[in-house]
Amino acid sequence: MQPNPFKLERYFAQHEFTARHLLCSSDPESMSIGELLALEPDAMDGLRETWLGYTEYPGAPALRREIASLYKRIGENEIIVHTGAQEAIYSFMNTMLTAGDHVIVHMPGYQSHYSVAEALGVSVSPWKAREEAGWALDPDELETLVTPATRALVICAPHNPTGYLPSREVFDAIVAFARKHGLWLFSDEVYRGLEHDPADRLPAACDVYERAISLGALSKTHGLAGLRLGWIATKSAQVLARMSTFKDYLTISNSAPSEYLSAIALRHTDALIERNVSIVRANLRLLDDFFARHADRFAWHRPRAGTIGFVRLKRAGAERFSAELLERTGVLLLPSTLIDHGDAHVRLGFGRRNMPDVLAILDTYLDATDTSTAS
Ligand SMILES: Cc1ncc(COP(=O)(O)O)c(C=O)c1O
């Protein structure tokens, strides 16, 4: 199997560690190991004593218990820990889909949600977010997309790249549709917990539907992407059995230090969420002002959750705008050409502490290019 190159990841491979100012990151502000260890008095001793043999293949039981506490109806044996959410996406697609199947995928979206399936010979129908409605999904469209070969519906909420969060009503309609057709509901929930108003948090799909697979990770909600730790949670014994077996050909088991540190992070989920959402809220206030002042250049739907939004450029192509901005200022945006969504949008990240400084550089650049066609 040879999936198409992951365009967004190739772009980050080229620029993430060389661009002077990142303005499109989806992971919030991270922290050092020292800061994480400071959350618990004995944490340093525990790290020193962490045994560096193989770990249990689905993840250490203590870690899985912490993960299970994020859900209402999931036990520690209904979780498989992976090396990042990405490994779990790859494993799900490889184990639960086969050539000739059909899947419906929330788009624009994260490329592995459709490229891995396509590489397996699975046909993909996009379920298109509607920009004019704030990037909303219309559940009524699902009946027009389903075929006898449809096996799975893939959604991402809170959404990358638009920041869209369905209402409870829409979420329930999605689950009802999946149940009616007996579909796997692969629910990418890696930004779950980063709702800007906690009252908006949706249930985890695995808590409400027996054929749902909830995807979680420490990369986004907790801001700890370097731990490379993700998981799936599901009531389906079939999914658990197949994905366990497949993992033997991937990473077998996880990194012991990472599992140890991840358990600490999970015990402090609420505090880490509070920290990350407060950065997001402050940044969004600046963005409200920024987009009000630049309404002639940009259109934007203020996200209700997560750390990213999808901004339409009114004057220039996204690829050219992003390339010129990077060259002249060192500010990195992500053009929509890399998300298979035309050339009119950029992804903007607002989860980092330095966003106000980077936004100011963009502001100055816009003023300087106001009379040109640069945006
Ligand atoms: C929607 C979505 N799913 C999965 C991933 C992969 O997460 P991880 O870094 O934990 O592998 C990302 C990372 O950007 C993402 O945005």
Side-chain angles (χ1 to χ4, degrees), residues 1 3-4 6 8-9 26 80 82 84-130 135-139 141-147 149-166 170-192 202-206 208-217 220 230-234 236 238-239 242-243 246 306 339-341:
M1 187 187 60
N4 286 330
F6 199 139
L8 171 156
E9 295 297 348
S26 59
I80 308 174
H82 287 82
Q86 186 72 279
E87 186 188 40
I89 297 171
Y90 185 78
S91 173
F92 170 78
M93 301 285 169
N94 272 276
T95 51
M96 302 312 297
L97 302 175
T98 185
D101 286 350
H102 170 252
V103 293
I104 301 170
V105 181
H106 182 176
M107 287 211 207
Y110 192 61
Q111 194 180 332
S112 56
H113 291 165
Y114 50 94
S115 283
V116 178
E118 282 168 348
L120 289 163
V122 172
S123 62
V124 173
S125 291
W127 183 24
K128 292 186 188 150
R130 290 172 306 136
W135 298 107
L137 293 169
D138 179 359
E141 285 170 13
L142 286 169
E143 290 293 346
T144 68
L145 299 173
V146 70
T147 77
T150 309
R151 297 286 166 267
L153 169 60
V154 180
I155 57 167
C156 179
H159 186 233
N160 177 0
T162 65
Y164 166 69
L165 181 70
V170 168
F171 175 79
D172 288 346
I174 293 170
V175 172
F177 167 82
R179 183 173 276 123
K180 175 179 167 196
H181 293 278
L183 305 180
W184 299 114
L185 177 59
F186 188 82
S187 179
D188 187 327
E189 298 168 5
V190 299
Y191 298 91
R192 184 165 176 265
L202 293 169
C206 62
V208 295
Y209 177 42
E210 54 292 348
R211 287 169 75 82
I213 299 93
S214 287
L215 179 70
K220 313 294 176 179
W231 62 85
I232 56 117
T234 182
S236 165
Q238 189 187 2
V239 172
R242 289 203 197 167
M243 287 184 67
F246 193 65
I339 311 182
D340 293 320
H341 192 77

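Index from 1, following the sequence.
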Pairing residues for R179 by the side-chain contact (heavy atoms from CB on, under 4.5 Å) criterion, not counting sequence neighbours: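 In terms of side-chain contact (heavy atoms from CB on, under 4.5 Å), with neighbours along the sequence ignored, R179 is linked to V175, Y209, E210.
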Give me the atom names and distance for the closest heavy-atom approach of [X] to [Y].
X    : Y    : result
K220 : V190 : CB-O, 3.2 Å
A204 : R192 : N-NH2, 3.4 Å
A85  : G216 : CB-O, 4.2 Å
A178 : L185 : CB-CB, 4.2 Å
C206 : T234 : CB-CA, 4.2 Å
P126 : L145 : O-CD1, 3.8 Å

To the nearest 0.5 Å, tell me how far [X] [atom1] sits from [Y] [atom2].
X    : Y    : atom1 : atom2 : answer
L165 : L202 : CG    : CG    : 4.5 Å
L153 : I174 : CG    : CD1   : 7.0 Å
L137 : K128 : CG    : NZ    : 13.0 Å
L8   : S26  : CG    : OG    : 7.5 Å
S91  : H82  : OG    : NE2   : 4.5 Å
N160 : H106 : CG    : NE2   : 9.5 Å

Do [X] and [Y] have side chains that get closer than 4.5 Å, going by heavy atoms?
X    : Y    : value
M93  : V103 : no
F246 : M96  : no
L97  : F186 : no
M243 : E87  : no
L183 : R211 : no
I213 : S236 : no
M107 : V124 : yes

Does either side chain, that of S187 or that of E189, offer a donor lying less than 3.5 Å from an acceptor on the other one?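 Indeed, the side chains of S187 and E189 share at least one donor-acceptor pair under 3.5 Å.
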Classify the side-chain pair T150/H102 by whether it contains a donor and acceptor separated by less than 3.5 Å. yes
May I have the step-by-step check of side chain to side chain contact (heavy atoms under 4.5 Å, CB included) for F92 and I232, ending in yes or no? CA-CA 9 Å; F92 170 78; I232 56 117; 5.8 Å; no
Does any N or O in the side chain of [X] come within less than 3.5 Å of the main-chain N or O of [Y], such that one atom is a donor and the other an acceptor?
X    : Y    : result
H159 : P108 : yes
D101 : T98  : yes
W231 : S214 : no

Anything under 30° is parallel, anything over 60° is perpendicular, the rest tilted; go ahead and classify W135 against H341.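 Answer is perpendicular, since the angle exceeds 60°.
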Quick one: side chains of residues 114-121, donor-acceptor pairs under 3.5 Å with protein atoms, not counting sequence neighbours, listed by atom name and distance.
from: Y114; atom 1: OH; to: D340; atom 2: OD2; distance (Å): 2.7
from: S115; atom 1: OG; to: Q111; atom 2: NE2; distance (Å): 3.0

Who pairs with F6 by ring-ring contact (aromatic ring centres under 6.0 Å, His included), at least two apart in sequence or on another chain?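 F6 satisfies ring-ring contact (aromatic ring centres under 6.0 Å, His included) with Y110 once adjacent residues are dropped.
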Apply side chain to side chain contact (heavy atoms under 4.5 Å, CB included) to I104 and F177, showing your working. CA-CA 12 Å; I104 301 170; F177 167 82; 4.2 Å; yes
